[in-house]
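Here the structure is laid out as structure tokens; the discussion comes afterwards.
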Amino acid sequence: MRKKKKYMKILFLAGMGSMLLLGGCAKTKEPSVSEKAKEEALNSESETDAPEAESVGEFSMQDIEGETYTQEMFSDYDLTMVNVFTTWCTPCVNEIPDLEKLKNEMADQGVNVVGIVLDAADGTGSADEEVVEKAKLLAEKTGAKYPFLLPDQGYLNGRLLGINAVPETFFVDKEGNFTGETYTGSRSFEEWKDIVETVREGAAQ
């Protein structure tokens, strides 16, 4: 009986590992040294905990080029896709060109795309410069023109806390409210386009 339980546990873990490899990366796969300061906050949340906040609140974030963004960034578009990623996650990096294509194709329909470099935060509101440089190289190599933001000290009103796998993608409306479902794992351009259409339809109802 014990052998059977042990075998089932191994199968379960192997299956979970395969799922992450196919579409995403475990949050703890390759943490940077700068993440140590925020581990307590991240570990206090379980993977199934939903964010309590209903909106992004007020915040001020810089992108990898030093430009400042606030909650006002969402008011220019009906819907903004927020893609949370890390520089070491291969599925995260591989989908960036598709997200850039999505932004370009759907901008006229009021849709925007924003990236958040989760591993660039050091837990004190400052940025890990080594990770920032990696993110700059990624933007250059992938052709991404949409902003790569660095998490603020409040982690986007707490929304970024508890993320255990990346990429994680969620949506924000023009009032700064979270809308639609949260998606873990990478997807193709066509898949994301269908998802965006679904979120837009749901928000319009």
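Residue numbers count from 1 along this sequence.
A salt bridge is defined here as a Lys NZ or Arg NE, NH1 or NH2 lying under 4.0 Å from an Asp or Glu carboxylate O, and R159 with E168 meets this definition.
Remark: the S55 side chain and the N177 side chain contain no N/O donor-acceptor pair separated by less than 3.5 Å. Checking T198 against E201 by side-chain atom types alone, no donor-acceptor pair falls below 3.5 Å. A side-chain N or O of N83 and one of E95 form a donor-acceptor pair less than 3.5 Å apart. When only modelled atom types and interatomic distance are considered, T179 and D173 share no side-chain donor-acceptor pair under 3.5 Å.
Rounding to the nearest 0.5 Å places OG1 of T80 at 10.5 Å from CZ of F170. The line from OH of Y77 to NZ of K103 is 7.5 Å long, rounded to the nearest 0.5 Å.
In this structure, I116 and L156 have side chains that are in contact, with non-hydrogen atoms separated by less than 4.5 Å. Counting heavy atoms from C-beta on, the side chains of E105 and K193 come closer than 4.5 Å. Contact check for F85 versus V117: side-chain heavy atoms found under the 4.5 Å cut-off. When side chains are defined from C-beta on, N104 does not count as touching L102, because their heavy atoms never get closer than 4.5 Å.
The 12-atom threshold is not exceeded at CD of E130, counting heavy atoms of other residues, nucleotides or ligands nearer than 6.0 Å.
Here the side chain of D119 pairs a donor or acceptor atom with the backbone of T87 at under 3.5 angstrom. The backbone N or O of E58 lies less than 3.5 Å from no partner atom in the side chain of Q71, so there is not a single donor-acceptor pair.
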Could you go step by step and tell me if L138 and E133 meet the side chain to side chain contact (heavy atoms under 4.5 Å, CB included) rule? CA-CA 9 Å; L138 286 179; E133 289 303 315; over 6 Å; no
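Because its NZ or CZ atom is both nearer than 6.0 Å to the ring centre of F189 and within 45° of the ring axis, K101 counts as a cation-pi partner of that residue.
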